[in-house]
Amino acid sequence: MLGYMTNAFGPLVGLGGGVTSMKDVGYLTMMDDAQAIKTIADTGFKAIEMFEGNILAYEENPQKLLSLCENFGVDILGVYIGCHFIYSDALDDELFKVERVCKTAQALKVRHIVFGGGAVRGAGIQEGDYEKLAYGLEQASKIVKKYGMRPSYHPHLGSLAQSPEQIHRLFSLSDIDFCPDIAHLVAGGGDALALIRQYYSRIHYVHLKDLSASKAFVPLGKGTIDLEAIIDFLKAQGYDGDWLVEIDGYSGSPVEACETSYRYLKGKLF
């Protein structure tokens, strides 16, 4: 299945309660949900991914979001959750949030829960931080699987898994699935195709994103990454997982980014 992330359609903020309560920390896109989903569906995509905060807005009435998606003919493919994972005394509260999100996601018929995180301390990375991240991901994954979804980890700029060496270190400690975000891997100094080759057996969900020469995220085909080589490799391996396009942080029109990326994928994925 091919989807598009809704996070490009409004400013990225954090859940307000997270200022004082770790159990309420999370991502939220300030957007008109109906308009964003309509734009994605009108472009041709059949699924979406949303941030944790956006689906928690429907925690008491998930059918409202389900009906909205059904009206536009799209599924909710994935939900992205951010956690710190390295603060042992806060982990229970983070897992409390993961449980809430997963319960709502299950009601929304979500397939994938994507974890980002692994905080970098003000004093820098400390001994044991990777072990704590791996342990946190293990505990969070148990919750995801309990609700019948597939957990994966998304290496990200500014996290403990930014560079290839950091990604290798984490994956030597954790067997969690790998959700490669192509542009983040390249911006972190990696060879995205090499990483995908090495960890192919862990990949069931891919975030497609392009990167300009100036290191800005741009619509597919507008950057310098050889996305076609990555797509061709995955197809040659018989990849039958899901794909998501995510063009966050783009300075241009989110509608243009969505339409441009969809056109790029014609003849490649559909």
Side-chain angles (χ1 to χ4, degrees), residues 1-8 40 43-51 74-82 105 110-117 137 141 144 149-157 159 161-162 164 167-168 170-171 174-188 190-211 217-250 257-258 260-270:
M1 184 175 288
L2 173 62
Y4 197 89
M5 181 65 167
T6 62
N7 65 350
I40 292 167
T43 300
F45 291 97
K46 300 300 183 185
I48 60 171
E49 181 178 296
M50 302 181 84
F51 276 142
V74 301
D75 295 322
I76 306 174
L77 185 57
V79 174
Y80 189 103
I81 300 178
V110 169
R111 292 190 195 184
H112 300 275
I113 297 293
V114 181
F115 289 108
L137 286 170
S141 293
V144 175
M149 294 171 289
R150 183 183 287 275
S152 60
Y153 180 75
H154 175 304
H156 200 287
L157 295 175
S159 75
Q162 172 174 299
I167 293 168
H168 296 322
L170 173 62
F171 284 168
S174 171
D175 62 0
I176 192 168
D177 281 353
F178 174 31
C179 176
D181 180 305
I182 308 305
H184 274 279
L185 296 178
V186 174
D191 179 330
L193 181 54
L195 287 163
I196 287 169
R197 286 179 184 274
Q198 181 168 353
Y199 296 109
Y200 174 74
S201 64
R202 298 186 186 221
I203 300 174
H204 300 277
Y205 193 31
V206 175
H207 277 196
L208 294 169
K209 185 184 299 178
D210 211 341
L211 189 73
F217 297 144
V218 292
L220 303 188
K222 297 298 183 180
T224 60
I225 299 176
D226 188 355
L227 293 170
E228 192 163 352
I230 292 169
I231 292 170
D232 287 347
F233 168 77
L234 288 167
K235 289 169 65 176
Q237 301 307 303
Y239 176 72
D240 60 358
D242 295 310
W243 308 81
L244 185 91
V245 179
E246 183 188 16
I247 315 297
D248 55 314
Y250 177 53
C258 186
T260 299
S261 298
Y262 188 78
R263 286 194 300 270
Y264 174 83
L265 292 173
K266 283 186 177 179
K268 300 177 179 67
L269 288 185
F270 58 90

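The basis for the numbers below is simple: all heavy atoms, side chains too, and nothing from hydrogens, waters or symmetry mates. This one's a predicted model, so the numbers in the text were calculated from it and none came from an experiment. Numbers here simply count residues along the sequence, with the first being 1.
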Verify side-chain contact (heavy atoms from CB on, under 4.5 Å) between Q198 and I196, making sure each step is shown before the conclusion. CA-CA 5 Å; Q198 181 168 353; I196 287 169; over 6 Å; no

Determine, step by step, whether I81 and I113 satisfy the side-chain contact (heavy atoms from CB on, under 4.5 Å) criterion, reporting the C-alpha distance in whole Å, the side-chain angles of both residues, the deciding distance to 0.1 Å, and the verdict. CA-CA 7 Å; I81 300 178; I113 297 293; 3.6 Å; yes

Between E246 and L208, does the side-chain contact (heavy atoms from CB on, under 4.5 Å) criterion hold? Intermediate values first, please. CA-CA 6 Å; E246 183 188 16; L208 294 169; over 6 Å; no

Could you walk me through whether T260 and V218 pass the side-chain contact (heavy atoms from CB on, under 4.5 Å) check? CA-CA 10 Å; T260 299; V218 292; over 6 Å; no

Test ring-ring contact (aromatic ring centres under 6.0 Å, His included) on H154 and H184 and set out the steps. CA-CA 9 Å; H154 175 304; H184 274 279; 5.6 Å; yes

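No donor-acceptor pair under 3.5 Å is formed between the side chain of H204 and the backbone N or O of G241. In this structure, the side chain of R111 does not engage the main chain of G78 through any donor-acceptor pair within 3.5 Å. Between the side chain of K235 and the main chain of K268, a donor-acceptor pair closer than 3.5 Å is present. Of the possible polar contacts, none joining the S174 side chain to the L137 backbone as a donor-acceptor pair under 3.5 Å is found. Within the 3.5 Å criterion, the main-chain N or O of G223 finds a donor-acceptor partner in the side chain of D210.
If you take CD1 on I225 and CG on L211, they are separated by 5.0 Å, rounding to the nearest 0.5 Å. The CZ atom of F115 sits 15.0 Å away from atom NE2 of H156, with the distance rounded to the nearest 0.5 Å. In this structure, the separation between CE on M5 and CG on L77 is 11.0 Å, given to the nearest 0.5 Å. Distance CG/D75 to CG/D242: 10.0 Å, rounded to 0.5 Å. To the nearest 0.5 Å, the span separating OG on S152 from CE on M149 amounts to 11.5 Å. The distance from the CD1 atom of I182 to the CG atom of L220 is 10.0 Å, given to the nearest 0.5 Å.
Between Y4 and F45, the angle of the ring planes lies from 30° to 60°, which puts this pair in the tilted group. The aromatic rings of Y239 and W243 sit perpendicular, their planes meeting at an angle over 60°, well past the 30° parallel limit. Below 30°, between 30° and 60°, or above 60°: for Y199 and F171 the angle between ring planes is above 60°, a perpendicular geometry.
The nearest pair of heavy atoms linking T43 to C258 is OG1-SG, 3.6 Å. Smallest separation of non-hydrogen atoms from L227 and G221: CD1-N, 4.1 Å. Across every non-hydrogen atom of L193 and A229, the tightest pair is CD1-O, 4.4 Å.
No hydrogens or angles considered: a donor-acceptor pair under 3.5 Å links the side chains of Y205 and E49. Counting only N and O atoms by type, the side chains of H112 and R150 include no donor and acceptor under 3.5 Å apart.
Counting non-hydrogen atoms of other residues, nucleotides and ligands closer than 6.0 Å to CG of D191 gives a total above 12.
D181 places none of its side-chain heavy atoms less than 4.5 Å from the side chain of P155. Residues S261 and I247 meet the side-chain proximity criterion, which asks for heavy atoms closer than 4.5 Å. A 4.5 Å side-chain heavy-atom check between V206 and I231 finds every atom pair outside the cut-off. P180 has its side chain out of reach of L195: every pair of non-hydrogen atoms, C-beta onward, lies at least 4.5 Å apart. Taking 4.5 Å as the limit, some side-chain heavy atom of Y80 sits within range of a side-chain heavy atom of F51.
Each of L170, D177, V114 was evaluated against Y153; a single residue qualifies, L170, per the side chain to side chain contact (heavy atoms under 4.5 Å, CB included) test.
With respect to D248 and K209, a salt bridge is recorded, a charged nitrogen being found less than 4.0 Å from a carboxylate O.
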